[in-house]
Amino acid sequence: MDLVETDVGLDIVVTSLASDAHTWNLVFLQLVLEEMGHRVLNLGACVPDGLLVSECARHAPDLVVVSSVNGHGFHEAKRVIGLLRAEPGLTATPVVVGGKLGIDGPGGRERTSALVGAGYDAVFEDAGSLAAFRAFLDRLPVGVRS
């Protein structure tokens, strides 16, 4: 798996979590990101933690996007961010998470605070998240990697 080269934009890894077999959310995110001019490596569904960390370390992306829609994302996302942040080359890499992160509906401030406190740069769970996600992307520096 490799990133498709373009002249502008960010290098972005899109992934699900180990227990999440959904793929349409990942395809949608990839298409949105590519339409915005970013290069995307889509790791797909049911990504084991070790594979996610090793692929991110190997590709050194400008951003990692974790998406989950099975309702178990909150707990898995907390575990995964600890592993990503423990990898020396990924300690400062922006990492965001979004989708359906719990079975009880959007978790609001409590879930967002817990995930940001665990190491995520942003959480996109509520209605209108796509607009907020695009705004977040617009604030990231482009072309910082050679």
Side-chain angles (χ1 to χ4, degrees), residues 1-103 106-107 111-126 128-146:
M1 292 188 243
D2 289 308
L3 294 163
V4 177
E5 291 297 321
T6 63
D7 292 337
V8 297
L10 301 167
D11 292 328
I12 300 174
V13 169
V14 171
T15 186
S16 71
L17 296 162
S19 75
D20 200 322
H22 296 88
T23 57
W24 282 112
N25 54 319
L26 302 173
V27 172
F28 175 75
L29 283 169
Q30 180 175 350
L31 292 173
V32 167
L33 292 166
E34 288 174 344
E35 182 178 274
M36 294 176 70
H38 303 297
R39 295 168 297 281
V40 177
L41 171 60
N42 186 338
L43 297 181
C46 296
V47 179
D49 296 354
L51 178 63
L52 171 58
V53 173
S54 67
E55 286 298 295
C56 288
R58 183 165 77 97
H59 290 283
D62 299 311
L63 174 66
V64 178
V65 178
V66 178
S67 178
S68 180
V69 296
N70 70 357
H72 303 287
F74 173 72
H75 297 290
E76 282 192 83
K78 281 180 66 176
R79 181 186 70 240
V80 165
I81 194 63
L83 298 171
L84 288 168
R85 294 299 184 218
E87 182 68 28
L90 301 173
T91 58
T93 301
V95 182
V96 300
V97 62
K100 183 180 178 188
L101 301 176
I103 58 172
R111 201 158 28 228
T112 297
S113 293
L115 290 170
V116 169
Y120 283 94
D121 293 275
V123 178
F124 303 99
E125 183 179 17
D126 298 322
S129 290
L130 185 56
F133 178 58
R134 284 178 183 258
F136 176 86
L137 287 169
D138 289 342
R139 292 189 302 271
L140 291 177
V142 177
V144 294
R145 299 187 189 272
S146 52

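Starting from 1, each residue takes its place in the sequence as its number.
- Test Leu63, Ile12, Val66 against Val96 for side-chain contact (heavy atoms from CB on, under 4.5 Å) and you get one pass: Leu63.
- In this structure, Thr112 OG1 and Glu125 CD are separated by 6.0 Å, a value rounded to the nearest 0.5 Å.
- Annotation: the span from Thr15 atom OG1 to Leu51 atom CG amounts to 7.5 Å, rounded to 0.5 Å.
- Residues satisfying the salt bridge (charged side-chain N to carboxylate O under 4.0 Å, His left out) criterion with Arg85, sequence neighbours excluded, are Asp121.
- Under the 3.5 Å distance criterion, the side-chain polar atoms of Asn70 are matched with a main-chain donor or acceptor of Ser19.
- Judged purely by distance below 3.5 Å, without hydrogens or angles, the side chains of Ser68 and Glu76 never pair a donor atom with an acceptor atom.
- Side-chain contact between Pro61 and Leu41: absent, with no pair of heavy atoms (C-beta onward) separated by less than 4.5 Å.
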For a side chain to side chain contact (heavy atoms under 4.5 Å, CB included) check, start with the C-alpha distance between Leu84 and Thr93, then their side-chain angles and the critical distance, and finish with the verdict. CA-CA 9 Å; Leu84 288 168; Thr93 301; over 6 Å; no
Using the side chain to side chain contact (heavy atoms under 4.5 Å, CB included) rule, take Leu33 and Phe133 through it: C-alpha gap first, then chi angles, then the decisive distance, then the call. CA-CA 10 Å; Leu33 292 166; Phe133 178 58; 3.9 Å; yes
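- In this structure, the side chains of Leu52 and Val80 come closer than 4.5 Å at one or more pairs of heavy atoms.
- For the pair Asp49 (side chain) and Ala18 (backbone), a donor-acceptor distance under 3.5 Å is absent.
- Distance CZ/Phe74 to CD1/Ile103: 12.5 Å, rounded to 0.5 Å.
- Here the closest non-hydrogen pair linking Ser16 and Gly44 is OG-O, 3.0 Å.
- Using a 4.5 Å heavy-atom cutoff, the side chains of Arg134 and Val32 are in contact.
- Considering only heavy atoms from C-beta on, Arg111 stays 4.5 Å or farther from Val123 through its side chain.
- Taking CG from Leu43 and OG from Ser67, the interatomic distance works out to 12.5 Å, rounded to the nearest 0.5 Å.
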